[in-house]
Protein chains: 2
Amino acid sequence: MGSMTIGKLSGATGVKVTTIRYYESIDLLDEPERSASGQRLYGAAAVERLGFIRHARDLGFPVSAIRELISLQVDPGRDCDLVDQIARRQLGEVRRRLTQLEALEAELKRMITACEGGKVASCSVLAALGHHEHCLHEEHAGKEVLAALPSK
Amino acid sequence: MGSMTIGKLSGATGVKVTTIRYYESIDLLDEPERSASGQRLYGAAAVERLGFIRHARDLGFPVSAIRELISLQVDPGRDCDLVDQIARRQLGEVRRRLTQLEALEAELKRMITACEGGKVASCSVLAALGHHEHCLHEEHAGKEVLAALPSK
DNA sequence: TCTACAGTCTACAGTAACTATAGAGGCAAG
DNA sequence: CTTGCCTCTATAGTTACTGTAGACTGTAGA
Ligand SMILES: [Zn+2]
Ligand SMILES: [Zn+2]
Ligand SMILES: [Zn+2]
Ligand SMILES: [Zn+2]
């Protein structure tokens, strides 16, 4: 029946081949069957599961949360309290970050509009970066806001 | 003159001791003088520099950008075009993330409010995660939105 | 059938910006 | 002089992947 190689699965879900293997290595995906020569072979269940993972990741759920969600799916008779709790936690996280980013946006905008060009010595952007005391905030509510800029 | 140990510098700037040593290792901070027994000794310039770095990091500037900004500070007679360009790039980044997060917020909220409790089998949160097709968006504009949840 | 060439395999290193740990040595107060 | 905190170096762990090397496999055209 419908058994696809890792490349097909990748094409079907939009998840890179290496990422699929990575998910398997961290036990997010079950080990698939193998062909005689050792190539991975997937069925419809894998497409479903991988789609689920991808959507959750797109929404910012950490892998640990996705692992929880998957384990909850295993027995469908359970109450979905925990599922909803995880989702609400994630929503809270997203909102926390939104608040932080809004503060950053405001400060960056202020910095940039204050600069009217000229020499580095008198650049208000550099001045503002050097003197946190003049900011409108005590601290940048929360820190470590942009975990790391993708930069790619 | 005012020479402080790494611990004092840490206290003065709010940057952890280990992080200060890390910044030195990646050449964001100059190597400081050392006491006879090898302990780092810092002066006022280090406090200033580290404060600058911290503020820029708080605003989400990647280390690579901070490195650029520092190198620009070195000759103050230059035009500040580049400084402003870096800041605007950062502002753009922040805005891009804001947009993404707003989309995520909306989808998570929708998911959660659709769930009215019950069993896992019928939980709308899990259903929504499983079926990306029913979303209001083609893709989650941009992906890799929350580089990694701090989770700490 | 031979030969490209794309796809797959494993294993390991690199990314960003730190944080944590181990194990050794330093410094001031009591 | 001992207690207890500070500092030192070096190394590994974090998160969620991505990229590489080097070898093998599967397939389609000449
Ligand atoms: Zn300027
Ligand atoms: Zn500020
Ligand atoms: Zn539910
Ligand atoms: Zn979606």
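Each chain gets a letter, A, B and so on, in the order the sequences are listed, and its residues count up from 1.
Looking only at atom types and distance, the side chain of A:Glu48 has no donor-acceptor partner in the side chain of B:His131 under 3.5 Å away.
Here the P atom of nucleotide C:dC27 and the CE atom of B:Met4 are 18 Å apart, to the nearest Å. Between the CG atom of A:Leu9 and the P atom of C:dC9 there is a distance of 11 Å, given to the nearest Å. If you take CD of A:Glu31 and C1' of C:dC9, they are 14 Å apart, rounded to a whole angstrom. We find that CG of B:Asp27 is positioned 15 Å from P of C:dA17, with the value rounded to whole Å. Atom-to-atom, CD of B:Glu24 to C1' of D:dA10 comes out at 14 Å; the value is rounded to the nearest Å. Atom-to-atom, CD1 of A:Ile20 to C1' of C:dT10 comes out at 16 Å; the value is rounded to the nearest Å. If you measure from atom OH of A:Tyr22 to atom P of C:dT15, you get 17 Å, rounded to the nearest angstrom. Taking atom CG of A:Leu29 as the reference point, atom P of D:dA16 lies 15 Å away to the nearest angstrom.
Judged as a salt bridge (charged side-chain N to carboxylate O under 4.0 Å, His left out), and not counting sequence neighbours, the contacts of B:Glu68 are B:Arg89. Residues satisfying the side chain to side chain contact (heavy atoms under 4.5 Å, CB included) criterion with A:Arg88, sequence neighbours excluded, are A:Asp84, B:Ile112. Remark: A:Arg95 pairs with A:Leu91, B:Glu105, B:Lys109 by the side chain to side chain contact (heavy atoms under 4.5 Å, CB included) rule, at least two apart or across chains. For B:Asp81, the side chain to side chain contact (heavy atoms under 4.5 Å, CB included) partners are B:Asp79, not counting sequence neighbours. Annotation: side chain to side chain contact (heavy atoms under 4.5 Å, CB included) contacts of A:Arg21 (sequence neighbours excluded): A:Ile6, A:Val17, A:Thr18, A:Arg40.
Put simply, A:Tyr23 has a side-chain N or O that comes within less than 4.0 Å of OP1 or OP2 on D:dC17. Residue B:Lys16 places at least one side-chain N or O closer than 4.0 Å to OP1 or OP2 of C:dT19. Phosphate contact (OP1/OP2 of C:dA16, side-chain N/O of B:Arg57, threshold under 4.0 Å): absent. For the pair A:Arg40 and C:dC9, the criterion of a side-chain N or O lying under 4.0 Å from OP1 or OP2 is met. For D:dT9, neither phosphate oxygen OP1 nor OP2 lies less than 4.0 angstrom from any side-chain nitrogen or oxygen of B:Arg21.
By the rule that hydrophobic residues join a cluster once side-chain heavy atoms approach within less than 4.5 Å of another member, A:Val74 and A:Leu28 end up as members of separate clusters. Hydrophobic clustering (side-chain heavy atoms under 4.5 Å, transitive across Ile, Leu, Val, Met, Phe, Trp, Tyr) groups B:Val63 together with A:Leu108.
The side-chain heavy atoms of B:Leu59 and B:Gln90, taken from C-beta on, include no pair separated by under 4.5 Å.
If you check C:dC9, D:dC8, C:dC18 against the side chain of A:Arg34, the one that comes closest is C:dC9. Across D:dC8, D:dC17, C:dA17, the shortest atom-to-atom separation from the side chain of B:Ile6 is found for D:dC8. Of the candidate nucleotides C:dT8, D:dT7, C:dC18, D:dT7 has the atom nearest to the side chain of B:Thr5. Here the nucleotide nearest the side chain of A:Thr19, chosen from C:dC9, D:dA16, D:dC17, is D:dC17.
Counting only Watson-Crick or G-U wobble pairs whose defining distances are both under 3.5 Å, the stems of 3 or more consecutive pairs in DNA chain D are C:1-30 with D:1-30.
Of the residues listed (A:Ile20, A:Leu50, A:Thr19, A:Val15), the one engaging A:Ser10 in a side chain to side chain contact (heavy atoms under 4.5 Å, CB included) is A:Ile20, and it is the only one.
At least one donor-acceptor pair under 3.5 Å links the side chain of A:Arg67 to the backbone N or O of A:Ile26.
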Measure all distances between protein nitrogen or oxygen atoms and nitrogen or oxygen atoms of nucleotides 23-27 of chain D, and list the pairs falling under 3.5 Å.
residue : atom : partner : partner atom : Å
D:dT25  : O3'  : A:Ser37 : OG           : 3.4
D:dG26  : OP1  : A:Ser37 : OG           : 2.4

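For residues 25-37 of chain A, the side chain to side chain donor-acceptor pair (under 3.5 Å) pairs, not counting sequence neighbours, are A:Ser35-A:Ser37.
Taking a 4.0 Å limit (strictly below) on heavy-atom distances, residues 46-53 of chain A does not reach DNA chain C anywhere.
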